[in-house]
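Have a look at the structure below, then the notes.
All values below come from the heavy atoms of this structure, side chains included, with hydrogens, waters and symmetry mates left out. Chain A is the first sequence line, chain B the second, and so forth, proteins listed ahead of strands; every chain is numbered from 1.
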Amino acid sequence: MKDFQLYNTLSGKKELFKPLAGKEVRMYVCGITPYDDAHIGHARCYIVFDLLRRYLEYLGYDVKYIQNVTDIDDKIIKKSRDTGKTPDDIAGKYFNEFLKSMELLNVRPATLYPRVSENIDEIIVFIKGLIRKGSAYESAGSVYFSTDSFKNYGKLSGRNPEDMLSADAEHAAEKKNKSDFALWKKDKEFSWESPWGRGRPGWHIECSVLSKKFLGEKFDIHGGGLDLIFPHHENEVAQSEALTGKNPVKFWVHNGMVNLKGDKMAKSTGNFFLLNDLLENYDPMIVRMYLLSTGYRQVLNFDISELADTKKAFNKLCEFKKELYQVFGKVPDSDKGKVKLPETVENVLNNDLNTSAAIGEVFKIVNPLTEKFLKGDFNKLDISQGLAAVSAMENILGINLSIDRGPDADRVEKLLEKRRRLREEKKYAAADKIRDKLLKEGIYIKDTLSGARWFRK
RNA sequence: GGCGCGGUACCCAAGAGGCUUAAGGGGACGGUUUGCAAAACCGCUAUUCGCCGGUUCAAAUCCGGCCCGCGCCUCCA
């Protein structure tokens with residue numbers, strides 16, 4: 001087995017993945033700000049990190065996966081003002097909906113989803129520490145991080161603050177330097193008591209605090225969308241390293257954006273496609289397969305018409321699984337334990353999680369086997385290869401292949417048996433009537449050399 | 001202006017110096033099979049990888065220039 005190579009934003013290269021300590025992998029992924037419905041871009045991100053988590057576990061690591069919930073935020077506060085609902089209610093509602101969608105997409109829950117609002121004390125302690133170290137200063141009731149004080153500022157994103165267009169003119173007067181950013185924001189309305197008066201945390205501080213609290217000062221993987229590299233993750237590195245003197249994260253992993261009509265999908269620009277609108281019309285497993293059919297670091301240009309292509313590919317694999325179980329004689333228990341993947345699949349996943357190639361390798365196994373199974377010309381090795389291919393799809397890529405065992409399966413089987421006898425007697429009109437009847441119910445029949453099969457489209 | 005990513009067949013999309021005279025999926029076309037149909041499978045669909053030069057025994061893969069698209073520098077997965 002070749003070793004797992006993972007792209008690290010910090011070095012700009014693929015690196016051999018090795019945890020900091022033993023068999024444990026500590027992973028932190030930036031979670032959502034629950035103020036509105038999730039779009040496809042959110043789904044992609046959490047599917048990608050679910051895949052990474054599954055693969056690490058397959059490789060034998062114990063993964064501790066922390067995903068924060070940003071339940072204090074300008075957008076939530078705005079929505080609260082607009083609707084009269086409390087920020088808590090809003091965050092709770094959308095977070096629950098997010099979890100429901102994730103469950104549909106077969107994204108396994110994180111180990112823990114800590115909320116910012118429940119960790120204010122730790123945030124204040126962290127900021128006090130930064131002020132004590134001379135890395136931050138209070139100004140007009142807010143606290144800012146002094147980017148000048150941190151010599152490595154820019155190391156993650158490869159930027160020089162001098163070269164960038166100026167930003168945040170609103171608070172420029174309060175800052176010593178234009179690239180300084182807020183750790184604590186003065187606020188009366190949605191606020192907590194602090195040594196600097198009433199206020200609430202800045203955006204970046206939560207991730208430094210929560211990762212340190214739950215994973216320690218140094219941990220293995222920090223993930224999130226590519227758009228978070230600057231300023232969010234850059235600032236996070238600055239805060240954490242300024243306080244502890246240690247480089248907090250070994251591997252920074254970022255997923256590519258989802259674009260719509262050529263531009264980035266984002267709530268703020270109105271250019272987005274809601275996840276729920278997609279899940280209502282497509283099997284979530286097809287959505288998952290679609291999102292994993294492009295490499296995770298590539299831009300994915302979302303086009304709903306391509307879902308139909310994925311659906312056909314997906315159905316083919318489902319058919320294969322059915323055929324496999326048919327020849328296997330029984331439906332095995334879904335593989336929860338350690339199942340060896342096909343070596344070709346493992347090789348491509350070891351190359352920075354190449355999911356496109358992994359799906360390609362699955363088809364390379366499945367296509368010739370399907371013919372063998374249909375002809376009844378197969379051996380034990382064929383079956384174990386088939387099972388390994390299905391396991392790769394289901395257990396690692398997380399794309400469950402349905403084999404459509406509904407409550408009316410017995411009824412359908414009986415009808416098919418009746419049709420078989422009619423065809424044997426060459427009573428084709430009567431046989432076709434059964435086929436038409438089932439077709440009206442959305443059930444398709446396919447005749448193979450080893451008997452009729454049925455499926456829903 | 002600064003930093004970064006990408007342009008591969010009709011569409012989607014891997015490959016990042018020789019294993020590939022470029023995976024896999026969809027589509028089109030031809031075939032096997034079939035009472036018919038559907039499905040499945042097989043074959044076929046890029047002598048070529050945005051354009052122009054260069055390095056090398058060897059380049060889609062490395063270097064230089066150019067053209068085009070996208071992301072970040074403001075909230076963002």
### Task
Ignoring hydrogens and angles, answer whether the base of B:A37 and the side-chain atoms of A:Asp447 contain a donor-acceptor pair closer than 3.5 Å.
yes
### Query
Is any NZ, NE, NH1 or NH2 atom of the basic residue among A:Asp148 and A:Lys176 found under 4.0 Å from an Asp or Glu carboxylate oxygen of the other?
no
### Query
Can you check salt bridge (Lys or Arg N to Asp or Glu O under 4.0 Å) on A:Asp447 and A:Arg420, steps first, answer last?
CA-CA 10 Å; A:Asp447 292 314; A:Arg420 188 190 64 77; over 6 Å; no
### Query
Should the pair A:Lys312-A:Asp309 be classified as a salt bridge under the 4.0 Å nitrogen-to-oxygen rule?
no
### Message
Could you check whether atom NZ of A:Lys321 has more than 12 heavy atoms from other residues, nucleotides or ligands sitting under 6.0 Å from it?
### Response
yes
### Task
Using heavy atoms to find the nearest nucleotide of RNA chain B for A:Arg435 and A:Gly158 separately, return the residue whose nucleotide is more 5′.
A:Gly158
#### Entry: base_contact_polar (B:G35 base, A:Asp432 side chain, donor-acceptor, <3.5 Å)
yes
### Task
Apply ring-ring contact (aromatic ring centres under 6.0 Å, His included) to the pair A:Phe181 and A:His204, showing each step before the final yes or no.
CA-CA 9 Å; A:Phe181 55 90; A:His204 316 295; 5.3 Å; yes
### Task
With sequence neighbours left out, write down each residue that passes salt bridge (charged side-chain N to carboxylate O under 4.0 Å, His left out) with A:Lys78, or none if nothing qualifies.
A:Asp82
### Query
How far does the P atom of B:C3 sit from the matching atom of B:G25, given to the nearest Å?
42 Å
### Query
Regarding A:Asn106 and A:Asn400, is there a side-chain donor-to-acceptor distance under 3.5 Å anywhere?
yes
### Query
Just one of A:Leu278, A:Leu307, A:Ile304 clears the side-chain contact (heavy atoms from CB on, under 4.5 Å) bar with A:Tyr290, so which one?
A:Leu307
### Task
Mind checking A:Val258 for me? I need base, sugar-phosphate or nothing, with any heavy atom below 4.0 Å counting as a touch.
base
### Query
What do the steps show when you test A:Val362 against A:Leu397 for side chain to side chain contact (heavy atoms under 4.5 Å, CB included), and what is the final call?
CA-CA 11 Å; A:Val362 166; A:Leu397 298 183; 5.6 Å; no
### Task
Taking only heavy atoms on the protein side, list every residue of residues 70-83 of chain A lying under 4.0 Å from any atom of RNA chain B, sorted numerically.
A:Lys75
## Note on the structure
Symbol by symbol from the 5' end, with Watson-Crick or G-U pairs under 3.5 Å, [ ] crossing and | another strand, RNA chain B is ((((((((.[[[..)..(.....]]](.((((.......)))).)....[[[[[..)....]]]]])))))))....
### Query
So what does A:Lys426 touch, heavy atoms closer than 4.0 Å: a base, only the sugar-phosphate, or nothing?
nothing
So which protein N/O to nucleotides 12-19 of chain B N/O distances come out below 3.5 Å?
from  : atom 1 : to       : atom 2 : distance (Å)
B:A14 : OP1    : A:Gly295 : N      : 2.5
B:A14 : O5'    : A:Ser356 : OG     : 3.2
B:A14 : O3'    : A:Asn354 : ND2    : 2.6
B:A14 : O2'    : A:Asn354 : ND2    : 3.3
B:G15 : OP1    : A:Asn354 : ND2    : 2.7

### Query
What integer distance in Å separates A:Ile445:CD1 from B:A40:P?
15 Å
### Query
On a plain distance test, is the side chain of A:Arg159 in donor-acceptor contact with the base of B:C72 below 3.5 Å?
yes
### Query
Using atom P of each nucleotide, how far apart are B:A23 and B:U45 to the nearest Å?
11 Å
### Query
With sugar-phosphate meaning primed atoms plus P, OP1 and OP2, does A:Lys312 contact a base, only sugar-phosphate, or nothing at under 4.0 Å between heavy atoms?
sugar-phosphate
#### Entry: Nucleic acid contacts of residues 224-241 of chain A, taken as heavy-atom distances under 4.0 Å to RNA chain B
A:Gly224, A:Gly225, A:Asp227, A:Leu228, A:Phe230
#### Entry: Distance, C1' atom - from B:A13 to B:A58, rounded to whole angstrom
27 Å
### Message
Centroid separation under 6.0 Å, is that true for the rings of A:Phe95 and A:Tyr113?
### Response
yes
### Task
Provide the distance between the two P atoms, one in B:A39 and one in B:A46, to the nearest whole Å.
25 Å
### Query
Does A:Tyr65 have its ring centroid less than 6.0 Å away from the ring centroid of A:Phe49?
no
#### Entry: Rounded distance in Å between the P positions of B:G4 and B:C62
16 Å
### Task
Send over the distance from A:Met257 CE to B:G4 C1', rounded to a whole Å.
13 Å
### Message
Any salt bridge linking A:Lys364 with A:Glu361? Criterion: basic side-chain nitrogen under 4.0 Å from a carboxylate oxygen.
### Response
yes
Extract from the structure each pairing of a protein N or O with an N or O of nucleotides 59-62 of chain B at less than 3.5 Å, listing the distance.
none

### Summary
Of the listed B:G2, B:A77, B:G35, the closest approach to the A:Arg419 side chain comes from B:G35
### Query
Between A:Glu234 (side chain) and A:Lys155 (backbone), is there a donor-acceptor pair under 3.5 Å?
yes
### Query
For A:Tyr428, which contact category applies under a 4.0 Å heavy-atom criterion: base, sugar-phosphate, or nothing?
base
### C1' spacing across the pair B:C19 / B:A28, given as an integer number of angstrom
31 Å
### Message
Taking B:G26 as the reference, what is the distance to B:A16 when you measure between their P atoms (whole Å, please)?
### Response
24 Å
### Message
Rounded to whole Å, how long is the line connecting atom NZ of A:Lys178 with atom P of B:G2?
### Response
14 Å
### Salt-bridge criterion met for A:Lys340 and A:Glu346 (N-O under 4.0 Å)
yes
### Query
Looking across every strand, which nucleic acid part, if any, lies under 4.0 Å from A:Phe320 by heavy atom: base, sugar-phosphate, or nothing?
nothing
### Atom-pair distance (CG on A:Asn315; P on B:A39), nearest Å
11 Å
### Message
Categorize A:Asn259 for me: base, sugar-phosphate, or nothing, with a 4.0 angstrom heavy-atom threshold over every strand shown.
### Response
sugar-phosphate
#### Entry: The single option from A:Glu417, A:Glu424, A:Glu425 passing salt bridge (Lys or Arg N to Asp or Glu O under 4.0 Å) against A:Arg421
A:Glu417
### Side-chain donor/acceptor of A:Arg423 to base of B:G35, under 3.5 Å
yes
### Task
Classify the nucleic acid contact of A:Ser268 as base, sugar-phosphate or nothing, counting any heavy atom under 4.0 Å across all strands shown.
base
### Separation between the C1' atoms of B:G7 and B:C66, rounded to whole Å
14 Å
### Message
Using a heavy-atom cut-off of 4.0 Å across all strands, would you classify A:Asp303 as base, sugar-phosphate, or nothing?
### Response
nothing
### Query
Within the structure shown, what part of the strands sits under 4.0 Å from A:Gly262 by heavy-atom distance: base, sugar-phosphate, or nothing?
sugar-phosphate
### Task
For the pair A:Asp382 and A:Lys372, find out whether any cationic side-chain nitrogen is under 4.0 Å from an anionic carboxylate oxygen.
yes
### Closest to side chain of A:Lys316, choosing from B:G24, B:C70, B:C41
B:C41
### A:Lys75 and A:Asp73: CA distance, side-chain angles, deciding distance, salt bridge (Lys or Arg N to Asp or Glu O under 4.0 Å) verdict
CA-CA 5 Å; A:Lys75 293 185 289 295; A:Asp73 164 88; 3.6 Å; yes
### Query
Which residue, A:Lys446 or A:Phe363, contacts RNA chain B at a nucleotide closer to its 5' end, judged by nearest heavy atom?
A:Phe363
